[in-house]
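Every value quoted in this text rests on a predicted model; they were computed, and no experiment measured them. Side chains included, hydrogens not; waters and symmetry mates left out as well; all remaining heavy atoms used.
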Amino acid sequence: VGLFSVSMVFPRNLGILSSALSLPYIPLISEIHSTRPQTLAQVVPRTQSMFSLFLMIPAFGLAALSRVIVVVLYGEAYSAAWSTLFVLSFYAYLAGVNDTIGHVLAGTGRMWSGFVLNFLHMSVLLLVGYWLIPPFSYLGAGMSYALASCFHTMGVYLFVRWWMKIEITH
């Protein structure tokens, strides 16, 4: 088991939690979009803030306790993975926040828009990974995920703000 694999276990599980909690959001958004589209701009920011606050607790808990978590669960041999887990905890938070916006796109029938945003995310991940992984190894992979998610979050929020005319603040 590599150090990056050890670090990625917890952010991946946080992503599963995020998806499980926000998946029922798709039919709600779809119904609001088809029956009362004018209220969509009020519902999305509220629920987005709620999901963001909920995800903040486990993500920042992972960051704060990353060294302890890695040493207790994997032993001293993998203790170097704590720095990557620290970086990936911010990735997990951003990925969870973006997941709920992805469900908004799905609920409003904008799947192709979501595909384009995810393709751009993958492109940034590959480009940044190409530069960061050779000099920094597993930590470079973690930083690549975090930086790609930062750019993805900015792109998603700009898309929602300018294209969908929904302002999300928190």
Side-chain angles (χ1 to χ4, degrees), residues 4-70 72-73 81-111 113-115 117-118 120-122 124-125 141-170:
F4 182 76
S5 296
V6 166
S7 302
M8 193 58 155
V9 168
F10 300 103
R12 209 175 280 144
N13 288 337
L14 188 58
I16 292 169
L17 175 66
S18 168
S19 289
L21 291 174
S22 63
L23 198 58
Y25 192 46
I26 295 174
L28 172 70
I29 291 298
S30 181
E31 189 253 325
I32 291 171
H33 180 66
S34 63
T35 59
R36 309 179 305 275
Q38 67 279 5
T39 61
L40 195 62
Q42 298 158 356
V43 171
V44 171
R46 286 185 200 147
T47 53
Q48 184 65 26
S49 294
M50 180 186 68
F51 281 117
S52 296
L53 287 172
F54 175 76
L55 290 171
M56 198 177 291
I57 297 166
F60 290 137
L62 269 178
L65 300 173
S66 57
R67 183 167 181 77
V68 173
I69 290 170
V70 170
V72 167
L73 295 177
W82 79 268
S83 57
T84 307
L85 177 57
F86 179 82
V87 171
L88 285 173
S89 65
F90 295 104
Y91 150 75
Y93 174 73
L94 292 174
V97 168
N98 291 334
D99 194 36
T100 57
I101 294 294
H103 290 134
V104 169
L105 294 175
T108 57
R110 292 183 171 94
M111 293 302 292
S113 301
F115 173 78
L117 289 166
N118 286 332
L120 293 173
H121 178 246
M122 179 201 62
V124 171
L125 176 64
M143 290 187 297
S144 299
Y145 271 90
L147 287 171
S149 291
C150 287
F151 284 109
H152 186 242
T153 301
M154 287 186 284
V156 165
Y157 276 74
L158 289 174
F159 176 82
V160 168
R161 174 73 172 126
W162 287 336
W163 189 282
M164 296 179 68
K165 306 288 191 249
I166 298 174
E167 186 172 347
I168 299 177
T169 58
H170 55 273

Item checked: Nearest-0.5 Å distance that lies between atom CG in L55 and atom CG in L21 -> 7.5 Å
Note to self: Nearest 0.5 angstrom please: I57 CD1 to L14 CG, how far?
What the structure shows: 11.5 Å
Note to self: Determine whether V97 and Y157 satisfy the following criterion, side chain to side chain contact (heavy atoms under 4.5 Å, CB included), listing intermediate values before the conclusion.
What the structure shows: CA-CA 10 Å; V97 168; Y157 276 74; 3.2 Å; yes
Check: Taking all atoms of both residues into account, what is the closest heavy-atom pair of A41 and I166, and its distance?
Finding: CA-CG1, 4.1 Å
Note to self: So does E31 get a backbone contact from the side chain of S34, meaning a donor-acceptor N/O pair under 3.5 Å?
What the structure shows: yes
Item checked: Test log, rule side chain to side chain contact (heavy atoms under 4.5 Å, CB included), inputs V44 and I29 -> CA-CA 8 Å; V44 171; I29 291 298; 4.0 Å; yes
Note to self: Tell me if the CE atom of M111 is crowded by more than 12 foreign heavy atoms within 6.0 Å.
What the structure shows: no
Notebook entry, point to check: Rounded to the nearest 0.5 Å, how far apart are CD1 of I26 and NE2 of H33?
Noted result: 13.5 Å
Item checked: Close side-chain approach of I69 and L62, heavy atoms under 4.5 Å -> yes
Check: Within a strict 4.5 Å, meaning less than it, do heavy atoms of the F10 and S66 side chains meet?
Finding: no
Checklist line | Derivation of the side chain to side chain contact (heavy atoms under 4.5 Å, CB included) call for L105 and M164 | finding: CA-CA 9 Å; L105 294 175; M164 296 179 68; 3.6 Å; yes
Margin query: Using side-chain heavy atoms (C-beta onward) and a distance below 4.5 Å, is F54 in contact with L17?
Written below: yes
Notebook entry, point to check: With distance as the sole test, does S7 use its side chain to make a donor-acceptor pair with the main-chain N or O of A81 at under 3.5 Å?
Noted result: yes
Check: Is the F90 ring parallel, tilted or perpendicular to the F86 ring (thresholds 30°, 60°)?
Finding: perpendicular
Notebook entry, point to check: Side-chain contact, heavy-atom cut-off 4.5 Å: F4 with L88?
Noted result: yes
Item checked: Minimal non-hydrogen separation, V124 against A148, with atom names -> CG1-CA, 3.7 Å
Notebook entry, point to check: About how many Å separate OG1 of T153 and CG of L94, when rounded to the nearest 0.5 Å?
Noted result: 4.0 Å
Notebook entry, point to check: Has F159 got more than 12 heavy atoms of other residues, nucleotides or ligands less than 6.0 Å from its CZ?
Noted result: yes
Check: For Q48 and Y25, does a side-chain donor sit closer than 3.5 Å to a side-chain acceptor?
Finding: no
Next item on the list: Please assess F51 against S22 for the test side chain to side chain contact (heavy atoms under 4.5 Å, CB included), listing each intermediate value before the final yes or no.
Entry: CA-CA 8 Å; F51 281 117; S22 63; 3.7 Å; yes
Next item on the list: Would you check if R110 and F115 make a side-chain contact, meaning some heavy-atom pair closer than 4.5 Å?
Entry: no
Next item on the list: Could you check if a side-chain atom of T108 sits within less than 4.5 angstrom of a side-chain atom of S30, using non-hydrogen atoms only?
Entry: no
Checklist line | Inter-residue atom distance I101.CD1 - L117.CG, 0.5 Å rounding | finding: 10.5 Å
Note to self: Using the rule side chain to side chain donor-acceptor pair (under 3.5 Å), only one of H103, H152, H121 pairs with N98; which is it?
What the structure shows: H152
Next item on the list: First locate atom OG of S89, then atom CG of L65, and finally report the distance between them rounded to the nearest 0.5 Å.
Entry: 10.0 Å
Note to self: I need the minimum non-hydrogen distance between G142 and T84, along with the two atoms involved.
What the structure shows: CA-CG2, 4.1 Å
